[in-house]
**Q** 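Before we start, here is the structure in question, set down as structure tokens.
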Amino acid sequence: MSAATTTVARHSSRSSGLPQHQAERRLGRRLLLPTAILLTLMVGYPIVWALRLSLFSDSITGQTHLVGFDNYARALWGSDAVQFWAAVRDTALFTVAAGGLELVIGVAMALVMSHLGVFRGLVRAMILVPWAIPTAVAAVLWKWMLTPNGIVNELLGRQILWTGETTPARTAVVLIDVWKTAPFVGLLVLAGLQLIPKDLYESAKIDGAGAVRRFRSITLPLVAPAILVAMLFRVLDLMRMYDTPAILTNGANGTATLSLFTYEHAIDQAKFGYGSALSTLTFMLIFAAAFLIIRLCGVKVFASDREGSGG
Amino acid sequence: MRNRIVYAITVTAAGLAALTSCAGSTPGDGAGDGSGDSEAGDRGPITVASRPDTTGVFQHLADRWNEENPTEQVELIEQPQSSDETRAQIVQNMQARSSEFDLIMTNNVWVSEFAARDWIEEIPEESLPDAELLEAPLDTARYEDTLYALPLYTDAGLLYYRSDLVPEPPGTFGELMEYCDIAEAEDMGCYAGQFAKYDGLTVNVQEAINAAGGDILDDSGAPAVDTPEAAAGLQLLQDAFEEGWISREAITYAEEEGRTAFQQGRLLFLRNWPYMHKLASTAGDGNVVAGKFDVAPLPGIDGPGTSALGGWNMAVSTYGEHKDTARDFAVWLLEPEAQRSLLADGSLSPVVAELYDDPELVEQFPYLPALKEALANARPLPKSPAWSAISLAVQDASYAVLQGETDPADAVRDLQAALIDAIENM
């Protein structure tokens with residue numbers, strides 16, 4: 001490998017007479033090419049293939065033909081528009097509600113964990129138990145706990161139809177996701193917290209800054225990149241939410257997420273063209289959300305980061 | 001920065017070129033050459049996509065076959081308990097034209113679709129065994145008057161009732177409601193079925209619509225749900241929820257939730273499948289109804305009700321390797337001895353008519369006479385390649401009715417439009 005590298009480097013610099021660093025850069029690019037092609041195939045191929053499929057009709061006889069954007073029209077303003085937009089609304093609701101709660105609770109968990117000292121390892125392991133349970137298994141467990149005569153109603157002393165009415169069903173989906181994923185957010189934020197140098201706090205203390213001031217002026221800005229990453233993960237994940245509502249309610253009572261809606265058509269009904277159109281729409285929505293988050297928050301976070309390191 | 005953009009474009013273009021080179025065929029082009037007439041040499045070991053074998057009866061039968069046919073061994077590959085997941089597995093295999101399964105156990109509602117997609121082989125009528133098969137289950141194995149599968153076991157809904165509290169089983173919903181005072185006095189729910197939003201709801205809604213004299217599809221397979229009768233069927237369920245003789249919590253019930261409630265003594269009447277009989281007869285584990293319940297055919301509105309027909313069939317995969325062996329094994333499972341074993345060892349309802357009158361079996365399975373009557377009147381679920389879309393449309397429309405959000409007359413009108421759309425777009 002190193003022999004080949006030097007040969008190529010010597011060869012290119014001799015033949016073209018380019019300055020050494022430019023030749024090296026070109027070589028570097030060439031060496032990256034196989035990985036780049038592999039990545040393109042792995043990431044790009046399914047995307048392009050789905051895009052292509054989404055332009056074809058579905059037919060039980062297997063005779064499909066190009067229909068342009070008919071599949072998209074069906075979802076966006078055609079015969080499925082009501083269900084599609086309801087799914088967008090439900091997905092957005094879950095993303096905002098669960099994402100927001102997970103962020104607040106996760107940050108709180110991280111702050112507690114970072115101050116624990118000796119027991120940190122133990123608490124960190126315990127707190128991750130819900131995260132280690134597969135979502136589908138957790139959903140089944142919760143489903144049984146949430147039955148009308150289940151343990152949750154028993155403890156609350158009330159008769160709530162958790163899976164049979166809109167508000168309780170949505171609440172249940174959000175709470176199950178928060179229960180499961182807030183610890184994960186907590187761990188990501190904890191990693192960010194542990195990177196903050198202790199002497200910053202000490203000098204702030206010497207300068208007379210109180211606990212609130214130290215949190216606002218040191219902790220928050222320095223942990224912001226970690227929070228942003230956690231938030232991105234959660235938003236991308238929540239917008240693809242499937243398991244919990246599929247098992248808990250099968251999409252009834254205002255819990256039909258986009259993924260559930262897509263699954264019903266792409267898998268249950270084996271409509272791969274229409275299903276691909278729905279996946280593409282979901283992909284575009286997620287992409288837009290990620291873009292917005294990075295644009296609105298990322299610029300600020302990374303700008304302040306640069307300021308911080310510069311000053 | 002510019003370099004990076006140029007680079008990205010180059011890489012993308014390379015990817016696209018790679019794509020187009022292997023994208024020669026039209027997506028979903030089903031005109032494969034995997035099908036074709038089965039040749040004389042289509043014999044050898046086979047694999048069967050089987051229902052989960054919780055009782056061991058399928059393995060027991062396969063072992064017996066394997067003893068007699070050493071060169072044509074049967075291997076069972078158990079599929080998930082959930083019908084939906086099983087379907088997803090089979091669809092994935094068929095889509096990939098995989099030869100993994102030679103024989104598949106299919107829910108009877110999938111036969112039309114699998115046949116229309118050319119995933120399963122036609123079965124010559126001559127292959128049918130001599131023993132008389134029940135007509136209704138056999139008919140679910142036909143698509144456009146051609147046999148594409150063989151029935152394996154069948155299923156019909158029964159009315160489970162507390163014989164210690166109710167002297168005579170009700171024949172109609174009117175009679176059933178009169179018993180609800182007993183339920184109230186005992187502080188229990190009166191009636192329940194499967195009303196959560198899933199395929200079980202489609203079954204219960206069809207039964208209510210049939211009871212009122214309506215139908216979802218007509219005999220030719222065209223949507224026929226926009227009728228006063230169908231609306232009356234939905235109205236019955238809506239009123240039941242409003243008046244409380246179906247308790248509120250039944251909106252969350254699938255089979256198991258209902259069974260649990262019945263076994264805990266919280267329900268007077270329950271519509272469920274025969275599988276529950278054995279479980280509810282076994283005392284212990286919170287079951288307080290062992291020996292205190294009986295079964296009857298489902299109630300109707302003016303007379304006895306009409307059950308929807310459940311059950312599973314066997315179909316020979318188009319992409320399997322040993323199709324003759326697969327078909328022979330399926331036919332062998334229809335022999336009275338094998339069918340008796342399905343019932344005796346697996347509590348599955350046989351499709352051979354004579355077993356329902358077998359005194360020994362009736363003694364062991366007291367629900368057989370009621371089941372025989374239910375099966376004689378049972379109606380198949382919508383028989384269409386668009387079953388999944390149809391079932392989903394029925395669930396969407398009827399769930400809103402049960403929740404009191406939609407008027408039944410509006411619901412059947414919208415459902416009719418949705419069904420037409422589902423069939424046109426399949």
Side-chain angles (χ1 to χ4, degrees), chain A residues 25 29 32-33 36-37 39-45 47-49 52-66 74 78-80 83 143-144 146-149 153 159 161-166 169 246 249-253 256 263-265 267-274 276, chain B residues 3 7-8 10-12 14-16 18-20 22-23 26-32 84 87-88 91-92 94-95 112-113 116-118 195-199 201 247-254 256-257 260-261 264 266 385-389 391-392 395-396 399 403 417-418 421-422 425-426:
Chain A
R25 199 187 292 165
R29 242 177 268 152
L32 278 176
L33 203 64
I37 290 174
L39 272 178
T40 315
L41 285 179
M42 276 173 54
V43 179
Y45 183 85
I47 294 177
V48 175
W49 186 248
R52 180 181 148 76
L53 259 181
S54 74
L55 303 177
F56 281 84
S57 67
D58 295 294
S59 159
I60 202 119
T61 58
Q63 303 298 315
T64 59
H65 56 274
L66 195 68
R74 182 182 168 92
S79 50
D80 282 354
Q83 286 140 302
K143 186 179 180 173
W144 280 105
L146 291 171
T147 53
N149 290 280
N153 278 348
Q159 274 289 322
L161 286 181
W162 287 103
T163 56
E165 282 167 19
T166 304
T249 58
N250 198 13
N253 300 309
Y263 183 91
E264 277 171 355
H265 291 90
I267 308 295
D268 285 348
Q269 299 176 25
K271 286 183 182 157
F272 300 103
Y274 185 47
S276 300
Chain B
N3 276 341
Y7 180 67
T10 321
V11 168
T12 316
L16 279 172
L19 264 184
T20 41
C22 47
T26 319
D29 181 4
D84 284 347
R87 196 190 126 84
V91 168
Q92 236 169 42
M94 292 301 176
Q95 205 70 34
S112 300
E113 180 190 351
R117 289 189 190 278
D118 268 337
F195 301 115
K197 188 179 167 294
Y198 76 116
D199 280 349
L201 176 61
S247 61
R248 273 298 298 155
E249 63 174 84
I251 197 84
T252 66
Y253 282 5
E256 283 298 84
E257 286 86 350
T260 309
Q264 291 175 345
R266 292 190 281 114
W387 152 259
S388 297
S391 178
L392 195 63
Q395 292 165 36
D396 281 339
Y399 194 82
Q403 289 281 29
D421 184 62
N425 273 299
M426 72 188 182

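Both backbone and side-chain heavy atoms feed into the values below; hydrogens, waters and symmetry mates do not.
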**Q** Below 4.5 Å from any heavy atom of chain A, which atoms of Q264(B) appear? Answer side chain, backbone, both or neither.
**A**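 For Q264(B), no heavy atom lies under 4.5 Å from chain A.
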**Q** Is A196(B) close to chain A through its backbone or its side chain, or both, or neither, when contacts mean heavy atoms under 4.5 Å?
**A**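 Neither the backbone nor the side chain of A196(B) comes within 4.5 Å of chain A.
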**Q** Out of curiosity, Q95(B) CD to I267(A) CD1, how far, rounded to the nearest 0.5 Å?
**A**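 Rounded to the nearest 0.5 Å, the CD-CD1 separation comes out at 9.0 Å.
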**Q** Which bit of D396(B) is near chain A, if near means a heavy-atom gap under 4.5 Å: side chain, backbone, both or neither?
**A**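 Looking at D396(B), just its side chain touches chain A.
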**Q** Going by atom types only, do T260(B) and E256(B) share a side-chain donor-acceptor pair under 3.5 Å?
**A**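 No pair is found: no donor N or O on one side chain lies under 3.5 Å from an acceptor on the other.
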**Q** Which bit of Y198(B) is near chain A, if near means a heavy-atom gap under 4.5 Å: side chain, backbone, both or neither?
**A**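 Answer is both: backbone and side chain atoms of Y198(B) are under 4.5 Å from chain A.
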**Q** Quick check: do M426(B) and E113(B) have side-chain heavy atoms less than 4.5 Å from each other?
**A**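 They are not in side-chain contact.
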**Q** Side chain, backbone, both or neither: which part of T163(A) has a heavy atom under 4.5 Å from chain B?
**A**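 T163(A) touches chain B through backbone and side-chain heavy atoms alike.
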**Q** Side chain from CB out, backbone as N, CA, C, O: work out which of these in N250(A) comes under 4.5 Å of a heavy atom of chain B, or both, or neither.
**A**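 When you check distances to chain B, atoms from both the backbone and side chain of N250(A) fall under 4.5 Å.
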**Q** List in chain and number order the residues that pass side chain to side chain contact (heavy atoms under 4.5 Å, CB included) with E165(A), two or more places apart in sequence or in another chain; answer none if no residue qualifies.
**A**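 Once residues adjacent in sequence are excluded, the partners of E165(A) under the side chain to side chain contact (heavy atoms under 4.5 Å, CB included) criterion are L161(A), P168(A), R248(B).
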**Q** Between the side chains of D80(A) and Y274(A), does any donor sit under 3.5 Å from an acceptor?
**A**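 Looking only at side-chain atoms, Y274(A) and D80(A) do form a donor-acceptor pair, the distance falling under 3.5 Å.
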